Amino acid sequence: MAVGKEEVEEIVKARTDKREYRRIVLPNSLEVLLISDPDTDKANGLSDTHFSVGAFSDPDGLEGLAHFLEHMLFYASEKYPLEDSYSKYITEHGGRTNAYTSSEHTNYHFDINADAFEEALDRFAQFFINPLMSADATMREIKAVDSENQKNLLSDGWRMNQLQKHLSAAEHPYHKFSTGNWDTLEVRPKAKGLDTRSELIKFYEEYYSANVMHLVIYGKENLDKIQGLVEDKFKEIRNNDRNCPRFAGEPCTSEHLQILVRAVPIKEGHALRVAWPITPEIHHYKEGPCRYLSHLIGHEGEGSLYYILKTLGWATGLSAGEGESTFDFSFFRVDIDLTDAGHEHMQDIVGLLFKYISLLQQSGICKWIFDELSAVCETKFHYQDKSQPISYVVSISPNMQKYPPKDWLVRSSLPSNFSTDIIQMVLNKLSPNNVRIFWESKKFEGQTNMVEPWYGTAYSIEKITGSMIQEWIVSSPNENLHLPAPNVFIPTDLSLKNDHEKAKYPVLLRKSPYSTLWHKPDTMFFTPKAYVKIVFTCPHASDSPEAEVLTNIFTQLLMDYLNEFAYYAQVAGLNYGISHTDSGFQVILAGYNHKLRILLETVVEKIASFEVKADRFAVIKEMVTKEYQNYKFRQPYEQAMDYCSLILQDHTWPWMEELDVLPHLEVEDLAKFVPMMLSRAFLECYTAGNLERNEAESMIQHIEDVLFKGSNPICQPLFPSQHLTNRVVKLEKGKSYFYPVEGLNPSDENSALIHYIQVHRDDFMLNVKLHLFGLIAKQPAFHQLRSVEQLGYITALLQRHETNSNDLSLNFMPHFIIQSTVKDPAHIDLRAEEFLKAFESKLYEMTNEEFKSNVNALIDMKLEKHKNLREEAAFYWREISDGTLKFDRIESEIAALRQLTQQELIDFFNEHIKVGAPHKRTLSVRVYGNSHSSEYKIDKSSRAQASSVKIDDIFSFRRSQPLYGSFKGNHVKL
């Protein structure tokens, strides 16, 4: 029996939340939150060992041990000794499993189809009762940790974070390197006579105790049933009566404050990161001092710090708020992305930052600002979108150690106690006397004298004083900094429309020569929110690399012009975005519907009256140029995916050509281009949520009136010949194409492979055969190629619906993604094929019962409901965008699955997937990192085998190949 049930105040939940919650404590002192959601399609278990152990508890000389344990724990247990059988069970029943290690806790979680929940929970619990950590697995997983670290070595995020940790007191755990690598987990321990596996087991036994673990369980059953399961499965976890480790003291002594650090990043660009040690907000979460201060210092409206820096042409982004924090220490951070001009005015920018802080001191703590912020937070909490259950439990579990049970769901999201003293206390900490300034730029190359040991970041330190900063404040520009205005975008009408429309699928409301409008009434979510998407198809927007770049600059300038106005809408929960697409650009608005039309009309007016402002053009051009220049620093597997798209997708331009044209583009080019781009346009529109039909039609009619009507219209309708379609290269049957290429960053040791198998266009029966193959093969592929062969940390067998990619070339196609430093891409390609050869026997040996179990698991996955408006919109928009319009796809594919036989799946594998199959079509993109440069030369110069075709020139190849037809343009009836 549980020790306690509902012993505390009721857990506060959102007004719209229909789920039930219960807190219990097991006899072994394991604290549990139970969540019952009869509407869920997934059951979820999550165990979180908060404050039990995280990277701060790593023993000296064994950096990364807590992270390594997180890798090792889920291999096997005494009750389930078969290696990776847990992952296999979860995957085969439609679930996912993952874990992460942070400073003070480690988190393990999974989700699974509801009917497999009980056994999954038992398998999960056994890792905390009697895990098996074999010697063989130990060595392999050290290599996996090292591979994970290798992929981070050239990431500026990891590098700068470690530099900030490095410049702290050596005796404080904040100073530590937390990931671990081959050196810290194998070489150094061995040199000291330590056995890493023995240390791992000792670490587990010392820290993993029921009384410092917290468990969240999310299920479909009622609370009593879930509680019975938890009591049965988790009662045997040992309680060693551990105390949660606390790490008292500040990580930064006076030596580490009042410092200016110049650091050299990997990527192009300049940044300023300013930080102050503060009292952690967790001690005053109802007063929300950091939330109040971040709202003001991070504001982007007129008069804000960012607005002034942007107007001066010095910054392209600014964020402010509490950074890394524990119970014992925290930092308030202000991060500013600088332009080249801003880099030359670092002292002025720091001066303006302190001027704004001084303004906050002089203005006093304003109750109206706190009340407005509190109202926004309350609306956001009570009308929050439902998320994926696995994401929900992962977000809740860290709260169980930090907050009283009644606030486990609320956290610090509802500031309600106005306290000038507490806000003032934190504001007083933001002074020149305890500031840390990190200044990043490649311009510092050759000007530094120190190197951070774990990532090799070059840096130098200069001590600065309060009087120096005072000089910067005095000499900085005298700009009109002021507090934000009251927010007119805060919704006051949160009522639901009495729309009796119960359409199950999107309806084509209107069709004109200028646009189509699809509308999906809200029949599922019942929140005062809407989603509006308008895609502008403009043939001139993508007919050359220049056009592509100019369209990109145009959309970014639009966002730039709208920012100080639309930022208020974003604060109030109404988000928007304007971005370029393959055939033009798109506008998306999502959030509370009450004032959505005001924002939409403002966006459309900006498009209609667009003019190029020379000063803003220069800033955006510089920013876009750096984005292109930084393409070469992306992960090799991302580069491989880009090459894959370039080879297979018609009408795509390489980023190198777009970068080549950028320096020559001037204000006049964009001024001439935009009217021409807009001169021919067609709008595909989708509206959904708390909008009535007539509101949706009125919105689109207004857009047509502004853009297409009047005496001198901006846009004309497209000619029939101008409707664009994206088409994909149809590879030849029986051929294996490969494209060897060197990685773009000569410093990157990692190589990558995309092994892509082209199967078919959209067809329900072929789709489900492919999905079923993916479900059955996914975990064995990961186990063999990642766990056993240790080819690389990034190893996956994916299909398009798992990549969140809009890339048509990956439509319904399985592809291996593997990134490695240990083996070259040609070798990995062979290993992928060897896996498929071995997998063939698995298909033949599968029992009828196993086959049916896999089919049922896939059906359950397909039946999973959309959790919110955005998810639903993404699903239906894909049908509209692709031109397939199969809104009943789920039902049709389930019907096909129910008819599928095991022999038909085997026949499908033999025809399309099996190595050497006569109809098989593959493309391997092999990106060679620096560690495999000699292998690249061999692959590049080698002659292709009989059925292999080497691609030497992407565009010659693409021009010579047939294309799949497009689904777009089929006649659609109202």
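Nothing here was measured: the structure is a model prediction, and the numbers come from that model.
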If you draw a 6.0 Å radius around [atom1] in [X], do more than 12 non-hydrogen atoms from other residues or ligands fall strictly inside?
| X | atom1 | result |
| --- | --- | --- |
| N478 | CG | no |
| K626 | NZ | yes |
| K443 | NZ | yes |
| F955 | CZ | yes |
| H702 | NE2 | yes |

Spacing of [atom1] belonging to [X] relative to [atom2] belonging to [Y], to within rounding of 0.5 Å:
| X | Y | atom1 | atom2 | result |
| --- | --- | --- | --- | --- |
| Q649 | C644 | CD | SG | 9.5 Å |
| K529 | N868 | NZ | CG | 8.5 Å |
| D543 | W653 | CG | CH2 | 7.5 Å |
| K621 | E666 | NZ | CD | 4.5 Å |
| L562 | L557 | CG | CG | 11.0 Å |
| I308 | N480 | CD1 | CG | 6.5 Å |

Can any side-chain N or O of [X] pair as donor or acceptor with the backbone N or O of [Y] at less than 3.5 Å?
| X | Y | result |
| --- | --- | --- |
| R680 | C538 | no |
| E658 | E548 | no |
| S542 | D582 | yes |
| R958 | T652 | yes |
| S294 | G321 | no |
| R761 | G965 | yes |
| R159 | V264 | no |

**Complete:** Of L731, V925, I647, the one forming a side chain to side chain contact (heavy atoms under 4.5 Å, CB included) with Y756 is L731

**Asked** Parallel, tilted or perpendicular for W439 and F444, by the 30°/60° rule?
**Response** perpendicular

**Asked** Can you say whether the rings of W655 and Y631 are parallel (under 30°), tilted (30 to 60°) or perpendicular (over 60°)?
**Response** tilted

Under 4.0 Å between a side-chain nitrogen and a carboxylate oxygen: does that hold for [X] and [Y]?
| X | Y | answer |
| --- | --- | --- |
| K709 | D705 | yes |
| R510 | E704 | yes |
| D560 | K613 | no |

Going by distance alone, is a donor N or O of one side chain under 3.5 Å from an acceptor N or O of the other, for [X] and [Y]?
| X | Y | result |
| --- | --- | --- |
| E879 | T884 | yes |
| Q347 | S475 | no |
| N552 | Q556 | yes |

**Prompt:** Cation over ring, R926 on Y928, under 6.0 Å and within 45°?
**Reply:** no

Check: [X] ring centre within less than 6.0 Å of [Y] ring centre:
| X | Y | value |
| --- | --- | --- |
| Y686 | Y876 | no |
| F565 | F489 | yes |
| Y561 | F610 | yes |
| F957 | Y737 | yes |
| Y307 | H482 | no |
| F536 | H580 | no |
| W877 | Y531 | no |

Minimum heavy-atom distance [X]-[Y], with the two atoms named:
| X | Y | answer |
| --- | --- | --- |
| V604 | V706 | CG1-CG1, 3.9 Å |
| A315 | I336 | CB-CG2, 3.8 Å |
| S966 | R727 | CB-CG, 4.2 Å |
| D156 | K267 | OD2-N, 3.0 Å |
| L296 | Y356 | O-OH, 3.3 Å |
| K355 | L481 | CB-CD1, 3.9 Å |

